[in-house]
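Before any comments, here is the structure.
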Amino acid sequence: MGSPAKGTGPLAGVRVVDLTAMVMGPYCTQIMADMGADVIKVEPPGGDDTRYISVGPAPGMSGVFVNVNRGKRSVVLDLRSAAGVSAMHGLIGQADVFIHSMRAKAIAKLGFSYAQVAAIHPAIVYTNCYGYGRRGPDRDLTAYDDTIQADCGLPAVQQMLTGEANFVGTIMADKITGLTALYATMMALFHRAKTGEGQEVEVAMFETMASFMLVEHANGAMFEPPLGPAVYPRTVAPNRSGRGPVVMEGIALFGS
């Protein structure tokens, strides 16, 4: 994957221990690497599954994997072994950021929850990236872009627009949550620069995408009593899809 250019970019001098896999977390840390951070991607012995999900010039080097892991250094550690745990402790002691994309239960079982990592390096910025917030009822469920798009109501909005409930043609939940993790981590680093204090950051796909959709689609339903349906008519108006006028709950959804 190649090492980042030394001493260049706004994040030069920042070291990131990256335990993320697939797309959400790696997209976040790929941008950090692009900005000059020294990102050390830690993979299990079998490698990140994204290595094998699309075509590439060599085994384990799929187009998706290469695109979201460029500019990073890579190391294989078996975190279920004493040697792997010891090596990870060494990396943590020299890092500014620790970021993972496992469920809260899984990362704690490996011995790398925030409390466990902060005991090694109290000033570290620790970012959790997972499907559902750990205070919610779905905290232990596995999440994928498709399930999160469905959970946050995006296919229903597409149905209002096109007449069919569909996912959008890109892994929107993964990438939007990755960008959210990026700016949240940067804010925690800014706080540390001012105070010297480390912080724990939590970025969950469902909560992030629900907030993203509700910016406009909460609309009249956010008031008590409701002043209208939970949809922003302009975004599902027929002039955005080429269809004729749609009537929903007695309201004609024309362009505005």
Side-chain angles (χ1 to χ4, degrees), residues 20 22-32 34-35 50 53-54 63-64 67-68 101 127-139 141-188 190 201-256:
T20 67
M22 299 305 286
V23 173
M24 171 179 52
Y27 186 52
C28 165
T29 54
Q30 169 253 299
I31 297 171
M32 296 177 76
D34 283 352
M35 294 297 105
T50 319
I53 65 171
S54 65
V64 175
N67 197 33
V68 293
S101 58
T127 302
N128 304 277
C129 298
Y130 27 62
Y132 300 91
R134 65 180 177 227
R135 289 172 291 279
D138 297 328
R139 60 187 172 272
L141 296 182
T142 302
Y144 300 95
D145 185 89
D146 301 19
T147 58
I148 297 299
Q149 283 196 36
D151 282 350
C152 75
L154 199 152
V157 171
Q158 289 297 101
Q159 185 172 27
M160 295 176 199
L161 179 66
T162 67
E164 295 183 14
N166 287 314
F167 299 119
V168 297
T170 184
I171 47 175
M172 179 182 287
D174 275 315
K175 291 186 285 185
I176 287 173
T177 309
L179 290 172
T180 302
L182 175 66
Y183 77 67
T185 302
M186 292 300 97
M187 287 190 282
F190 183 64
V201 175
E202 180 184 76
V203 183
M205 292 176 74
F206 171 69
E207 284 83 348
T208 297
M209 286 302 295
S211 174
F212 182 81
M213 293 297 292
L214 288 171
V215 166
E216 78 276 34
H217 287 298
N219 203 21
M222 70 187 297
F223 302 104
E224 184 61 45
L227 301 178
V231 62
Y232 181 44
R234 181 177 178 275
T235 62
V236 293
N239 64 325
R240 293 173 72 98
S241 68
R243 296 184 301 127
V246 177
V247 175
M248 186 188 68
E249 296 187 17
I251 300 174
L253 303 181
F254 291 94
S256 58

Is there a donor-acceptor contact under 3.5 Å linking the side chains of T185 and T127? yes
Mind checking whether Y130 and E202 have side chains closer than 4.5 Å, heavy atoms only? yes
Should T20 and T29 count as side-chain neighbours, where that means a heavy-atom distance under 4.5 Å? yes
Would you say the side chain of P233 lies within less than 4.5 Å of the side chain of T235, judging by non-hydrogen atoms? no
Separation of S211 OG from F206 CZ (nearest 0.5 Å): 10.5 Å
Report, as yes or no, whether the 6.0 Å neighbourhood of atom CE on M222 holds more than 12 heavy atoms from other residues, nucleotides or ligands. no
Kindly determine whether M24 and K175 satisfy side-chain contact (heavy atoms from CB on, under 4.5 Å), including the steps that lead there. CA-CA 6 Å; M24 171 179 52; K175 291 186 285 185; over 6 Å; no
Measuring only between side-chain heavy atoms, which start at C-beta, is V23 closer than 4.5 Å to D145? no
Testing the basics here: between G63 and S54, what is the closest heavy-atom pair and its distance to 0.1 Å? N-OG, 3.3 Å
Can you see which heavy atom on Q149 is nearest to which on P155, and at what distance? O-CD, 3.0 Å
When every non-hydrogen atom of M172 is compared with those of L154, the smallest separation belongs to SD-CD1, 3.6 Å
Just verifying a value: how many Å separate D151 CG and E207 CD, rounded to the nearest 0.5 Å? 10.0 Å
Heavy atoms, side chains only, cut-off 4.5 Å: are N128 and V201 in contact? no
When rounded to the nearest 0.5 Å, the distance separating CE of M160 from CD of Q158 is 10.5 Å
Are L179 and Y27 side-chain neighbours, meaning at least one heavy-atom pair lies under 4.5 Å? yes
So do the side chains of D174 and M22 get within less than 4.5 Å of each other, counting heavy atoms only? no
Ignoring hydrogens and geometry, is there a side-chain-to-backbone donor-acceptor pair from N219 to V231 under 3.5 Å? yes
Interatomic spacing from NE2 in H217 to CZ in F212 - rounded to 0.5 Å: 9.5 Å
Closest contact, heavy atoms only, G133 versus A204: N-CB, 3.4 Å
Taking all non-hydrogen atoms of both residues, which atom of M205 and which atom of A173 are closest, and how far apart? CE-CB, 3.9 Å
Non-hydrogen side-chain atoms of T147 and Y132 separated by less than 4.5 Å: yes
Which pair of non-hydrogen atoms, one from A210 and one from C152, has the smallest distance, and what is that distance? N-CB, 4.0 Å
Report yes or no: does T162 contribute a side-chain atom to a donor-acceptor pair with the main-chain N or O of E164 at less than 3.5 Å? yes
So how far is it from L161 CG to R240 CZ, rounded to the nearest 0.5 Å? 7.0 Å
